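Only one structure is covered here, and it is reproduced in the block below.
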2 protein chains.
Amino acid sequence: MSIDVGARLRGVRAIYGLSQRELARRAGVTNGLISLIEQNRVSPSVGSLKKVLDGVPMSLAEFFTLDIEAAPQVFYGDDELVEIGSGDVSLRLVAAQRAARQLSILHERYAPGAATGDDALTHRGEEGGVVVRGRIELTVGAGSRVLGPGEAYYFSSTIPHRFRNVGREPCEIISASAPPTF
Amino acid sequence: MSIDVGARLRGVRAIYGLSQRELARRAGVTNGLISLIEQNRVSPSVGSLKKVLDGVPMSLAEFFTLDIEAAPQVFYGDDELVEIGSGDVSLRLVAAQRAARQLSILHERYAPGAATGDDALTHRGEEGGVVVRGRIELTVGAGSRVLGPGEAYYFSSTIPHRFRNVGREPCEIISASAPPTF
DNA sequence: CCCGCCTGTTTAGCATCATGGACAACAGGG
DNA sequence: CCCTGTTGTCCATGATGCTAAACAGGCGGG
């Protein structure tokens, strides 16, 4: 029962939306090697595997720590939030299903057309949030979705991400992140 | 600047007090391979590395997560304890320097010659303690030392360990562990 | 001393990995 | 349709990991 390096790598590559050739180019290896590794037809040397992961980038520790079976949920519909408040106080928990969360809070507001920048952000930690007003386009790795009021998100900040207000009115988000990057 | 797999493996082997040949036998590889890996003269395939670590045993994730530069202090002299109490209450903290501790308390007493068993203990979590009276021989991995009143210890319980009263009088220890094994 | 047993290191040779390039399949545009 | 680009897979060859066995040094006992 050996480690499924192939599946792990294929998963990582899928998350980041890279082709075998693109990853190979970034890592400085051949596309054939990526293919062979993903099919488990070779057991790469740790040197090679590190070169490949450097192209993502991702550390060997992260790679082997990766929980492959539980590809964590990224997007949450309005009804997928868990109400943990009571009475006058309504606390609707995002990513309540996800174990070992670690975060803190922000209230963001985006003018029409505004974005977090032309390039995607990447930093340590995790972040999540809820759209309060307006419509925001959120891109996380290879996935992208426009979220409206009541919808939410939660993902690892190490995955490249970008926010952009695609509506005509201001957009407000209640967001949280840890450890604090600002 | 690649990962120093060699040093990591050598460190792991030292902690568990295994020779290259002994580890090789348990892992089902040759002693020569262990030698070559530790000298960084080869970059082992993840398959081989996994086989080697299975002989410890240790997961690939643990191996790459290992904090190699900070080999945590195991033994503490009488004057290496940190006083955090005040007034009539004296709380002298063990391993105060160590970040991210996680534990709870016990008061142990060993009769002359008593020990925790013929085989070394291994379990999850961390444990530490202080000798109050008598003399106790503590073996942790490859290291061993006789501790007297005022001296202390703190280590990860995953390292094989054993207590034995080598004195003529009863021995008392204030110990702590987490998560609770008893 | 010599012997046996341990330690880690080295080397020749074989097995496996990694490369560079060819290949088929698929998609979008002219 | 062709053309051009993409995708992933496959193959021959050179590079490298891995094994088996020999080697050198250390340590204790006869």
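Per chain, numbering begins at 1; letters A, B, ... match sequence-line order. Just so you know, these numbers use all the heavy atoms, side chains as well, and skip hydrogens, waters and symmetry mates. No experiment lies behind these values; they were computed from the predicted model shown.
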Quiz item: In Å and rounded to the nearest 0.5 Å, what is the CG to CZ distance from B:Asp4 to B:Arg10?
Solution: 10.0 Å

Quiz prompt | Interface residues of residues 29-41 of chain A with DNA chain C (non-hydrogen, below 4.0 angstrom) | solution = A:Val29, A:Thr30, A:Leu33, A:Arg41

Practice problem: Indicate whether any N or O donor in one side chain lies under 3.5 Å from an N or O acceptor in the other, for A:Ser59 and A:Glu62. | Solution: yes

Self-check item: Residue pair B:Leu23 / B:Leu9, side-chain heavy-atom distance below 4.5 Å
Solution: yes

Quiz item: Under a cut-off of 3.5 Å for both distances of each Watson-Crick or G-U pair, what dot-bracket string does DNA chain C give, using [ ] for crossing pairs and | for inter-strand pairs?
Solution: ||||||||||||||||||||||||||||||

Practice problem: Please round to the nearest 0.5 Å and tell me the distance separating atom OG of A:Ser43 and atom CD1 of A:Ile37. | Solution: 9.0 Å

Quiz item: Reading DNA chain D 5' to 3', which nucleotide is the first, and which the last, to come under 4.0 Å of any heavy atom in chain A?
Solution: D:dT7 to D:dC10

Quiz item: With side chains defined as the heavy atoms from C-beta onward, is the minimum distance between A:Ser35 and A:Gln20 less than 4.5 Å?
Solution: yes

Quiz prompt | Contacts of type side-chain contact (heavy atoms from CB on, under 4.5 Å), residue A:Asp54, not counting sequence neighbours | solution = A:Lys50

Quiz item: Does a salt bridge link A:Glu38 with A:Arg13, judged by any charged N lying under 4.0 Å from a carboxylate O?
Solution: yes

Quiz item: Could you go step by step and tell me if B:Val56 and B:Arg26 meet the side-chain contact (heavy atoms from CB on, under 4.5 Å) rule?
Solution: CA-CA 8 Å; B:Val56 172; B:Arg26 298 194 188 186; over 6 Å; no

Quiz item: How do B:Arg21 and B:Ser45 order along DNA chain C: which one's closest nucleotide is nearer the 5' end?
Solution: B:Arg21

Practice problem: Search all heavy atoms of B:Pro44 against all heavy atoms of B:Val5 and return the closest pair with its distance. | Solution: CG-CG1, 4.4 Å

Self-check item: A:Glu22 CD to A:Ile34 CD1 distance, which is reported to the nearest 0.5 Å
Solution: 11.0 Å

Quiz prompt | Partners passing salt bridge (charged side-chain N to carboxylate O under 4.0 Å, His left out) against B:Glu137 (at least two apart in sequence or in another chain) | solution = B:Arg164

Quiz prompt | Test log, rule side-chain contact (heavy atoms from CB on, under 4.5 Å), inputs A:Leu49 and A:Phe63 | solution = CA-CA 10 Å; A:Leu49 182 57; A:Phe63 180 76; 4.0 Å; yes

Self-check item: Span of DNA chain C in contact with chain A (heavy atoms, under 4.0 Å)
Solution: C:dC17 to C:dA22

